[in-house]
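The basis for the numbers below is simple: all heavy atoms, side chains too, and nothing from hydrogens, waters or symmetry mates. As the structure is a computational prediction, the values presented were derived from the model and not from experiment. Chain identifiers are assigned alphabetically (A, B, ...) following the order of the sequence lines, protein sequences preceding nucleic acid strands; residue numbering begins at 1 within each chain.
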Protein chains: 2
Amino acid sequence: MSQDAPKVDTSLSDGVYARVRDLLREGELVPGQRVSEADICSRFNVSRTPAREAIHRLLNEGFLTAGSGGRPVVAEIDIDRAEEIYDMREAVECLAARLAAKRARTNDLLDLRRILDEQRDGCENEVDFLEINDRFHGCIYRISGNRYVQRTASILLVSAGMIRGSTQGQYNYDSWSLSEHEAIYRAIENGDSAAAEEAMRRHTRNGRFQRIALITNQKER
Amino acid sequence: MSQDAPKVDTSLSDGVYARVRDLLREGELVPGQRVSEADICSRFNVSRTPAREAIHRLLNEGFLTAGSGGRPVVAEIDIDRAEEIYDMREAVECLAARLAAKRARTNDLLDLRRILDEQRDGCENEVDFLEINDRFHGCIYRISGNRYVQRTASILLVSAGMIRGSTQGQYNYDSWSLSEHEAIYRAIENGDSAAAEEAMRRHTRNGRFQRIALITNQKER
DNA sequence: AAAGCTTTATTTGGATACCAATCGCATGGC
DNA sequence: GCCATGCGATTGGTATCCAAATAAAGCTTT
């Protein structure tokens, strides 16, 4: 019915990549931890080839970094890296919002509306919120129609989620997110790209300062 | 002596990746052309392992796309893709310029100044120009200090260079680039991030419309 | 006992061989 | 002329093997 055939032909490498990324987001793998090929192989019962490809991709995208001897470790997200992520996120998310406002069709608006309703009604805990938040932003990336935006923004969204990994539980999610999402939606609905960009800028900056403050507090405790 | 040890421990995969990317930029590989593992293996005398990794990375970064049967082909840069590249480039380059204006130190300014002098004095042909242009923009990415900017902007810079591949020879490089680069440099030198961003925006938009126009003309010829 | 050196064990990049699924293409039958 | 079958090419994945680099353990020496 909808025009997007999900194309889940998921090669094994892609699957491993996605699952490791999930482990990172869930905090199952913590910053600084070694991630060896053997780990991945045994954890997912795959051979070295897909494990290597997944690890290389994660390295290339900044989720893992080269530790001593070039061995991959989970990236440490200190304040510097968090600032880099948020600087980049603001630029790319604002672009996504602007493009989405120009290109959104009624189906796209319905998709967004549905996600917002879900956020309003069925967002019980932080895990729910993060999942729905991902869907909302991911939907905007898709609507933007720009493959580079999509790829980069997705990486940054997960990376920002990893910041939360080090500030777990201190993050009250429901107070401000919904109203800001609504504002972004309205701008997109009106086809007002400048307003969409501005609403998204407020949204990302708000998230940014909340997270950065938490990191700072945590570091000084 | 200088603080940047180039760290040319270049794994074979990275080398193959870089060399294929050069082939793409030089137009040695043309859009739509198949790029098989066997091609890469024989061309660079490497085994399938590094060839596969290079190809996967190029696919992931959009230089190659999945053709029929998921087989990699050189990405066709039609107008749609060119628009995507330039939309993204504007966002990321402007961010790079803004950050660079905030972070540039005297050494960084000297680096930029040197590149500009080279562009003024020793820029004989289009190949020279592209090489120097890459260095100028790449230097700004470096100064920005943001790894995500660096990675993404580099990809987009080469991707934009591939647009030129289909409009070769029609592109008069020396008339406007130098003065715009100078404007960007002055803003960075003054630490004026807003001016740097604005100068960079003008620069990318100028390049954008010139290239897009060329593609359009070419298509209609 | 602590510092330093040596040896061993892990780990990764790479090469090679092999297999299965898939797709393109060509040949052949209708 | 058109469709179907089949063969070859390509790719993802597995399994082994090897070399280089590094970490860890153990030994020596003072």
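For the pair A:R135 and A:E131, the salt-bridge criterion is met [side-chain N within less than 4.0 Å of a carboxylate O]. Comment: B:D22 does not engage B:R19 in a salt bridge, judged by the lack of any side-chain N to carboxylate O separation of less than 4.0 angstrom. No salt bridge links A:D87 with B:K102; every basic N to acidic carboxylate O contact stays at or beyond 4.0 Å.
Between B:P72 and A:S68, it is B:P72 whose nearest contact on DNA chain D lies nearer the 5' terminus. Of the two residues contacting DNA chain D, namely B:S36 and A:R48, the nearest-nucleotide position lying further toward the 5' end is that of B:S36.
Spacing between atom CG of A:L64 and atom P of C:dT11 amounts to 16 Å, rounded to whole angstrom units. For the pair B:E53 CD and C:dA15 P, the computed distance is 10 Å after rounding to whole Å. In this entry the distance linking CD of A:E37 with P of C:dT11 reads 10 Å, nearest Å.
Counted within 6.0 Å of CZ on B:R34, heavy atoms from surrounding residues, nucleotides or ligands total more than 12; the atom is thus considered enclosed.
You can see that DNA chain D meets the heavy atoms of chain B within a 4.0 Å-exclusive cut from D:dT10 to D:dG13, reading 5' to 3'.
Annotation: cation-pi geometry not satisfied between B:R208 and B:Y86 (NZ/CZ under 6.0 angstrom from ring centroid, within 45° of ring axis).
Between B:R52 and C:dG13 there is no side-chain N or O to OP1 or OP2 distance below 4.0 Å.
Only one option out of B:N146, B:I188, B:I143 pairs with B:L99 in a side-chain contact (heavy atoms from CB on, under 4.5 Å); it is B:N146.
Ring geometry for A:H181 against A:F136 counts as parallel: the plane angle stays under 30°, on a 0 to 90° scale with 60° as the upper cut.
Residue A:Q33 holds its CD atom at 8.0 Å from CD of A:E28, rounded to the nearest 0.5 Å.
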Nucleotides 6-10 of chain C: which of its N/O atoms have a protein N/O under 3.5 Å away?
none

